[in-house]
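See structure below.
Worth saying up front: this structure is predicted, and the values here are computed from it rather than measured. Every chain is numbered from 1 and lettered A, B, ... according to where its sequence line falls, protein lines coming before strand lines.
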Number of protein chains: 2
Amino acid sequence: MKRVDEIVKKLSDAGLKITPQRIAVMQSLVEAKTHPTAEETYRRVSQSIPGLSPTTVYNVLDAFVRNGIVNKVKTDAGAMRYDPVTDNHHHLYCESSDRMEDFHDPELDRLLEEYFQNKKIHGFRLKDVKLQIVGEFENSKK
Amino acid sequence: MKRVDEIVKKLSDAGLKITPQRIAVMQSLVEAKTHPTAEETYRRVSQSIPGLSPTTVYNVLDAFVRNGIVNKVKTDAGAMRYDPVTDNHHHLYCESSDRMEDFHDPELDRLLEEYFQNKKIHGFRLKDVKLQIVGEFENSKK
DNA sequence: TTTTAAATTGTACAAATTACAATTTAAAAA
DNA sequence: TTTTTAAATTGTAATTTGTACAATTTAAAA
Ligand SMILES: [Mn+2]
Ligand SMILES: [Mn+2]
Ligand SMILES: [Zn+2]
Ligand SMILES: [Zn+2]
């Protein structure tokens, strides 16, 4: 299975020990594409790892975030969500369905980068600009 | 006190009953300028209204949000924060200090509006674009 | 002044997350 | 390969951030 090898390499490169729990959590995140919560991730991964502890999922996700291989994202709803896509991108978000999708747009990124290179913000060292694009998905599958 | 009159008018205009708790919560939000959490607001307002219930603060803030005179804002940290500035603006945010400041920029707003007018996003009806500008405040008062 | 719908309060409950001590395990060292 | 050890996992309890609900009080309309 090539996919598991890639995940193992990603964990290794981040300096993390390889455990079945970590492999399964990362695999679940990558396959989900829905920016799942910790609890959703726990439910999914429990299928393949019975006896998995919810605490472990929180620990694993936190380790991933601390080591930069997963990002935390927050919406208007209750829980934190986790994003295995760490290259620069933004999010489309629908408040009524709480659905969130990736939005990659290099042209927009160039535009923003240029804008903020010229316009310095007094007293603030800018590191990153994130857009939250709020609206409605038209094919609201339900 | 002119300020209280303005707050009373704002509540009236929104169709809300005038109560000491609501006046004090709105006054606290406006004076704070820090996008405080419900719990911070409860601590501040308790000074002037002893016996105030935390539940009331949640109720009042929720009524303000439902009636459009306050916005909820979220960060990557734990709790929701409340913003009495409801005209269009963005936020500067420092992750290490969890500090958040307003960023008004009509030029940027025009740029973004123009960009998204030309570039339609397939399957998504866009309603609003907000920037979270992440970085470090240089005068980190501490 | 009376009436009443809405606001406030206290308590209990809930969801999401964290703390911590005991146990197990990955992987480095021998 | 076996031993060792620091780190990961687990279960439990606690904490944080709220929400639900019934009883009481109150703003403001009549
Ligand atoms: Mn969850
Ligand atoms: Mn709080
Ligand atoms: Zn994403
Ligand atoms: Zn603001």
Side-chain angles (χ1 to χ4, degrees), chain A residues 4-5 7-28 35-46 48-67 69-70 72-82 98, chain B residues 4-5 7-28 35-46 48-67 69-70 72-82 98:
Chain A
V4 170
D5 289 2
I7 288 169
V8 168
K9 178 165 194 311
K10 178 174 280 201
L11 299 182
S12 286
D13 288 351
L16 291 168
K17 275 193 189 173
I18 311 304
T19 69
Q21 292 86 347
R22 286 178 170 175
I23 293 171
V25 166
M26 179 59 80
Q27 201 162 27
S28 174
H35 306 85
T37 64
E39 191 264 344
E40 282 160 6
T41 303
Y42 167 71
R43 287 209 314 273
R44 288 179 195 191
V45 176
S46 290
S48 51
I49 305 188
L52 176 71
S53 168
T55 303
T56 298
V57 175
Y58 283 102
N59 287 340
V60 165
L61 289 171
D62 189 54
F64 288 174
V65 170
R66 282 199 322 272
N67 288 277
I69 58 176
V70 160
K72 262 187 183 179
V73 288
K74 185 159 190 163
T75 70
D76 288 351
M80 287 292 172
R81 298 168 65 157
Y82 295 86
D98 197 38
Chain B
V4 170
D5 289 4
I7 288 169
V8 168
K9 179 165 193 312
K10 176 173 279 199
L11 299 182
S12 288
D13 289 352
L16 291 169
K17 276 196 189 170
I18 311 305
T19 70
Q21 290 87 347
R22 286 177 170 176
I23 292 171
V25 166
M26 180 57 82
Q27 200 163 29
S28 174
H35 306 83
T37 64
E39 191 263 344
E40 282 161 5
T41 303
Y42 167 70
R43 287 209 314 274
R44 287 178 197 194
V45 177
S46 290
S48 50
I49 304 187
L52 175 72
S53 169
T55 303
T56 298
V57 175
Y58 282 104
N59 288 339
V60 166
L61 290 170
D62 190 53
F64 288 174
V65 170
R66 283 200 321 274
N67 288 278
I69 59 175
V70 159
K72 266 188 182 180
V73 289
K74 48 235 140 303
T75 68
D76 288 351
M80 285 295 171
R81 297 167 65 156
Y82 294 86
D98 198 38

query: Could you walk me through whether A:Val70 and A:Met26 pass the side-chain contact (heavy atoms from CB on, under 4.5 Å) check?
result: CA-CA 9 Å; A:Val70 160; A:Met26 179 59 80; 3.9 Å; yes
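- Among all heavy-atom pairs drawn from B:Ala24 and B:Val45, the shortest one is CB-CG1, 3.6 Å.
- One finds the CD1 atom of B:Ile7 at 10.5 Å from the CD1 atom of B:Ile18 (value rounded to the nearest 0.5 Å).
- Under 4.0 angstrom from either OP1 or OP2 of C:dT9 there lies at least one side-chain N or O belonging to B:Thr56.
- Mapping A:Leu16 and B:Asp62 onto DNA chain D by nearest heavy atom places A:Leu16 at the nucleotide closer to the 5' end.
- B:Glu40 has no carboxylate O lying under 4.0 Å from a charged side-chain N of B:Arg44, or vice versa, which leaves the two without a salt bridge.
- For B:Ala79, taking side-chain heavy atoms from C-beta onward, the closest of the listed nucleotides D:dG18, C:dG10, D:dT9 is D:dG18.
- Going from atom CZ of B:Arg66 over to atom P of C:dA6 covers 12 Å, rounded to whole Å.
- As rounded to whole Å, 14 Å separates atom P of D:dT16 from atom CD of B:Glu40.
- Counting to the nearest Å, the P atom of C:dA16 and the NZ atom of A:Lys72 are 14 Å from each other.
- Between B:Asn59 and B:Gly78, the one whose closest nucleotide on DNA chain D sits nearer the 5' end is B:Gly78.
- Comparing B:Gly15 and B:Thr55, the nucleotide of DNA chain C nearest to each residue sits closer to the 5' end for B:Gly15.
- Both key distances under 3.5 Å define a Watson-Crick or G-U pair, and stretches of 3 or more such consecutive pairs in DNA chain D run C:1-30 with D:1-30.
- When the P atom of D:dT16 is taken as reference, atom OH of B:Tyr42 falls 15 Å away, rounded to whole Å.
- The nearest whole Å value for the distance from the OH atom in B:Tyr58 to the C1' atom in C:dT11 is 16 Å.
- Ion pairing between a basic and an acidic side chain is recognised when a charged N comes within 4.0 Å of a carboxylate O; B:Arg66 and B:Asp62 show such pairing.
- Look at CZ on A:Arg43: it is 12 Å from P on C:dA15, rounded to the nearest Å.
- Look at CG on B:Leu11: it is 14 Å from C1' on D:dA28, rounded to the nearest Å.
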At a cut-off of 3.5 Å, list every protein nitrogen or oxygen paired with a nitrogen or oxygen from nucleotides 23-26 of chain C, distance to 0.1 Å.
| unit_1 | atom_1 | unit_2 | atom_2 | d |
| --- | --- | --- | --- | --- |
| C:dA26 | O3' | A:Ile18 | O | 3.1 |

- request: Determine, step by step, whether A:Gln21 and A:Asn59 satisfy the side-chain contact (heavy atoms from CB on, under 4.5 Å) criterion, reporting the C-alpha distance in whole Å, the side-chain angles of both residues, the deciding distance to 0.1 Å, and the verdict.
  value: CA-CA 10 Å; A:Gln21 292 86 347; A:Asn59 287 340; over 6 Å; no
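- In this structure, CG of B:Asp98 is placed 11 Å from P of D:dT17, rounded to the nearest angstrom.
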field: side-chain contact (heavy atoms from CB on, under 4.5 Å) between A:Thr75 and A:His35, worked out
entry: CA-CA 10 Å; A:Thr75 70; A:His35 306 85; over 6 Å; no
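- A:Leu11 contributes atom CG, which lies 9.5 Å from atom CG of A:Asn67 (distance to the nearest 0.5 angstrom).
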- request: Dump the intermediate steps for side-chain contact (heavy atoms from CB on, under 4.5 Å) on B:Arg81 and B:Asp98, then the final yes or no.
  value: CA-CA 11 Å; B:Arg81 297 167 65 156; B:Asp98 198 38; 3.2 Å; yes
